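Below you'll find the structure, written out as C-alpha cells, and then a few comments.
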Amino acid sequence: MSGRNSAFFVRRLIGAVGVAFGAMTLVFTILYWLPGDPAFLIAGDDAPDAVVEQVRARLGTDRPFSEQYVHYVGKLLHGDFGTSYVTGEPVIGRIVAQLPATLELTLVAALVALVLGVLGGVVAAVTRGRWLDQLLQSTALFVGSMPSFWFGIILILIFSVHLRWLPAIGNGTLAQMVLPAACLGLGAAGDLARMTRDCILDVLDEPFVVTLRAKGLTEQAVLYRHVLRSALIPVITMLGMRIGTLLSGTVVVEALFARQGLGRIISEAVNTKDIPMVLAAVLIASLFYILINLVVDFSYSRIDRRVRLEG
C-alpha cells in the first residue's frame, strides 16, 4: 500500500469512528424518548409500583438521560456492549451468533444486484432505442419501485405456494437463500441497471472512444475493455450506498421469510425496548456498512488505474 493510500485509509478510519459514534448517539436518543417503559415490560403490567421502581433501578433507566448516555459510552469504550433487558445476558453473544446469517444474506443480495444490474445495463445500452432496451428499462423501473415486503409476498406465492420450487422460510440451505436474496437484490438490481445504462451511454460520447474506434478496435473491445471500466465507477459507488439499504431491508425480509439474523433481533428488541440489544446491533451494522464502503473506495483504483484515492 502506497503512502497516499495509507493516509487515505487512516483518514477514512477516523471518519468511520465518528460515523459509528454518531449513529449510536442518534439511536440512543431516539430509544430514550420512545414511548414505553422497559421496566413495565419486564416486571409485568400488574406489578406493584415498588417492583417496577426496583427494576428501573437495576436497569439504570431511573437516571437522567445524560447519566445513562455517559454510563453506556464508558462501558462501550471498555468493550462492554451491555446486558439485555429481556434475557439478562450480554448482548454481544447473541449478536455474534446471528450476525453471519444477516451478512450472508446482505452480501448475496448485493452480488445479485451487481451481476444482474450490470448485465441488464450493458444489454440495454447496446440495444439503445430498441424494444429490448425499452423492456429492460421498464422492468428495472418496476422492480426497483416495488416495496420489499410486497415483492417478497409475490415471490412466496409464485415460487413456494403455487410452483412449490423453493422453501419460503428458514435458514441453512442454498434453496432457503434464493427467495430472500432475490427479494432484497432485485430491487437494487433495477436501480443499478438504469445507472449502468446511463453511464455507458455517457462514456460512449467521450472523445477517447472516437480515438479508440479510429485505431481499429472492435465495438466489443471498446465496450468491455475501456467504456465499461470507466462506467463502473459510479455504479460501484451506488452499490456501496445501497449496501446500507440492503442491510436495513433485512429487518423486513428476515421477518417475512422467518429467518434468523440481525434484522430480526433489532425488530424484536425494538418491540420490547431492549435498548442495549438495539444499540449493539445498530453499532455492529454501522461498522459493517462503513467497512463495505471503505472496500468500495479502494476498488476504484483497481477498476480504473487512472483513479487516485484522495480526501
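Being a predicted model, the structure only gives us computed values, none of them experimental. Worth knowing before you read on, the calculation uses all heavy atoms, side chains too, and leaves out hydrogens, waters and symmetry mates.
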- Message: Assess the residue pair Lys75 and Phe81 against the criterion (side-chain contact (heavy atoms from CB on, under 4.5 Å)); give the C-alpha distance rounded to whole Å, side-chain angles, the decisive distance to 0.1 Å, and a yes or no.
- Response: CA-CA 7 Å; Lys75 292 198 303 180; Phe81 287 82; over 6 Å; no
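- Note on Val251: it does not cluster hydrophobically with Leu256, by side-chain heavy-atom contacts below 4.5 Å among ILVMFWY residues.
- Judged by distance alone, the side chain of Asp274 and the main-chain N or O of Tyr85 form a donor-acceptor pair under 3.5 Å.
- Judged by distance alone, the side chains of Thr83 and Glu89 never bring a donor and an acceptor atom under 3.5 Å apart.
- The backbone N or O of Leu262 lies less than 3.5 Å from no partner atom in the side chain of Gln98, so there is not a single donor-acceptor pair.
- Across all non-hydrogen atoms, the minimal contact from Phe151 to Cys183 is CD2-O, 3.9 Å.
- The structure places CG of Leu192 at 12.5 Å from CG of Leu119, a figure rounded to the nearest 0.5 Å.
- Under a 3.5 Å cut-off, the side chain of Ser267 and the backbone N or O of Gly263 do not form any donor-acceptor pair.
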- Query: What do the steps show when you test Met277 against Arg94 for side-chain contact (heavy atoms from CB on, under 4.5 Å), and what is the final call?
  - Reply: CA-CA 9 Å; Met277 185 69 74; Arg94 188 181 179 198; 4.0 Å; yes
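- Rounding to the nearest 0.5 Å gives a distance of 12.0 Å between CZ of Phe21 and CG of Leu26.
- Atom CG of residue Leu179 and atom CD1 of residue Ile158 lie 10.0 Å apart, to the nearest 0.5 angstrom.
- Around atom CG of Leu77, more than 12 heavy atoms belonging to other residues, nucleotides or ligands sit under 6.0 Å away.
- With rounding to the nearest 0.5 angstrom, the CE atom of Met146 is 10.5 Å from the CG atom of Leu141.
- Looking at every heavy atom in both residues, Ser148 comes nearest to Val252 through OG-CG1, 4.2 Å.
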- Carefully, step by step, assess Leu99 and Phe288 under the rule side-chain contact (heavy atoms from CB on, under 4.5 Å). CA-CA 10 Å; Leu99 182 61; Phe288 172 72; 6.0 Å; no
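- Remark: side-chain polar atoms of Ser160 are paired, donor with acceptor, to backbone N or O of Leu166 under 3.5 angstrom.
- Shown here for Leu116 and Ala189, the closest heavy-atom pair between the two residues is CB-CB, 4.1 Å.
- The CD1 atom of Ile275 sits 11.5 Å away from atom OG of Ser84, with the distance rounded to the nearest 0.5 Å.
- Using bins of under 30°, 30° to 60° and over 60° for the plane-to-plane angle, the ring pair Tyr69/Phe28 lands in the perpendicular bin.
- Here the shortest heavy-atom pairing between Phe257 and Pro180 reads CG-CG, 3.8 Å.
- What you find for Ala125 and Ile200 is that their closest heavy atoms are CB-CG2, 3.7 Å.
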- Can Met24 and Val282 be said to form a side-chain contact (heavy atoms from CB on, under 4.5 Å), step by step? CA-CA 7 Å; Met24 181 274 297; Val282 170; over 6 Å; no
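- Summarising the geometry, atom CE belonging to Met195 is positioned 11.0 Å from atom CG belonging to Leu239; distances are rounded to the nearest 0.5 Å.
- Checked by atom type, the side-chain pair Asp133/Thr127 shows no donor-acceptor distance below 3.5 Å.
- Shown here for Val161 and Arg164, the closest heavy-atom pair between the two residues is O-CG, 3.8 Å.
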